[in-house]
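Some notes on the structure that comes next.
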Amino acid sequence: MKGLFLTLEGIDGAGKSSHLDALEALFRSQGRQVTRTREPGGTPLAETLRGLVLEQSMDPLTESLLVFAARRDHVVQVIEPALARRDVVLCDRFSDATFAYQGAGRGFDLQVLATLERWVQGLYGADSGALLQPDLTLWFDLAPEVAAERLAGARLPDRFESQPLEFFRRVAGGYAARAAAAPRFARIDAGQPREQVWQQVEAALAERGLVADPSGGAP
Ligand code: TYD
C-alpha cells in the first residue's frame with residue numbers, strides 16, 4: 001500500500017467540497033488513514049496567506065507567489081509527511097487551480113507558473129523534472145452559468161466568487177486544457193443530481209482500482 005494523493009478541482013459553485021465527507025468515509029471504511037486538507041491553506045501559515053489572497057486586492061504575480069508560497073508550506077508540512085505515512089491525502093484544490101484561476105482566469109504567464117510549480121513541487125529540487133502531482137484529480141465540470149446560479153446569494157462572495165461570468169468561462173477552459181493534457185484527471189459531470197455525481201466519483205475511484213467496485217465487481 002502506498003500513499004494516495006487525490007485532489008478535487010472545479011470552478012466555484014461546482015459542488016466539489018460537498019463530496020469530501022463521503023470520500024473520507026469511503027476511504028476510512030477501507031481501512032485507510034485519511035489526511036483531509038485544502039488549498040490555499042492546510043497549515044497555519046498557509047491559512048493566513050489564504051485570507052490575504054481571498055480578501056486583499058493584488059496583482060496576478062503577487063497572487064501567484066502567495067498561492068505557491070502557501071503551497072510550499074503545505075507540501076512540506078502536511079502533504080509529503082502524510083504520503084510518507086501512506087495516508088490518503090484528500091486535498092480540496094491544488095496547483096491545477098493556480099493554472100486555471102491565475103493562469104487562464106487572470107491571464108497570468110503559464111511559463112512563470114510552471115517555473116514556480118517546479119520550485120514548489122520539485123521532488124528532488126527544481127531541476128530534477130520530477131514533480132509532486134496528484135495521483136488522481138476529480139474535476140467537477142459544470143457550465144459557468146449553472147455554477148453562477150448555484151452561488152447566487154449563497155454567502156458574501158470572496159475576490160474570486162465575485163468575478164464576472166467571463167472570468168469563470170476562462171477558468172473552466174483552463175481546467176479543460178489541464179485535463180486534456182494529463183491522464184490523472186477524471187471528469188465528473190457536476191451538472192447531474194448530487195447522488196449521480198457521487199456515483200461518478202465512486203466509479204472513477206473503482207475504475208482506477210483505488211476502492212472496491214461499488215457495483216460489486218472485482219476491485
Ligand atoms: P474554494 O476552494 O472554492 O473554497 P470555498 O469552498 O471555501 O470557497 O475557494 C478557494 C478559492 O481560491 C477559489 O475561488 C479558487 C481560488 N484559488 C486560486 O485562485 N488559486 C489557487 O491556486 C487555489 C488553490 C485556489
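The figures that follow rest on heavy atoms only: side chains count, while hydrogens, waters and symmetry mates do not. Counting starts at 1 for both ligands and their atoms, in listed order.
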Asp92 and salt bridge (Lys or Arg N to Asp or Glu O under 4.0 Å): which partner among Arg50, Arg38, Lys16?
-> Lys16
Nearest-option assignment for atom 4 (O) of ligand 1, heavy atoms, candidates Glu39, Arg71, Lys16, Arg50 | Arg50
For atom 12 (O) of ligand 1, grab the closest protein heavy atom and report residue, atom and distance to one decimal in Å.
-> Leu54 CD2, 3.6 Å
Among protein heavy atoms, which sits nearest to atom 5 (P) of ligand 1, and what does the distance come to when rounded to 0.1 Å?
-> Arg155 NH2, 3.6 Å
Have Thr137 and Arg178 got a donor and an acceptor in their side chains that come within less than 3.5 Å?
-> no
Do you know which two heavy atoms are closest between Val53 and Leu66, and how far apart they sit?
-> CG2-CB, 3.7 Å
Residue, atom and distance of the protein heavy atom nearest atom 14 (O) of ligand 1 read Asp12 OD2, 2.9 Å
Does atom CD of Gln192 have more than 12 heavy-atom neighbours, drawn from other residues, nucleotides or ligands, at distances under 6.0 Å?
-> yes
Look at atom 22 (O) of ligand 1 and say which protein heavy atom is nearest, naming residue and atom and giving the distance to 0.1 Å.
-> Thr98 OG1, 2.6 Å
Ligand 1 contact by Val53, heavy-atom criterion under 4.0 angstrom | no
Does atom CD of Glu166 have more than 12 heavy-atom neighbours, drawn from other residues, nucleotides or ligands, at distances under 6.0 Å?
-> yes
Identity and distance of the protein heavy atom lying nearest atom 25 (C) of ligand 1 | Pro40 CD, 3.5 Å
Only one of Arg71, Arg93, Glu117 forms a side chain to side chain donor-acceptor pair (under 3.5 Å) with Thr98, so which one is it?
-> Arg71
Verify the distance criterion only: is there a donor paired with an acceptor across the side chains of Asp96 and Tyr101 at less than 3.5 Å?
-> no
Using a strict 4.0 Å cut-off to heavy atoms of Glu161, name the atoms of ligand 1 that fall inside it.
-> 8 (O)
Pick, from Arg159, Arg38, Arg93, Gln102, the option with the minimum heavy-atom distance to atom 20 (N) of ligand 1.
-> Gln102
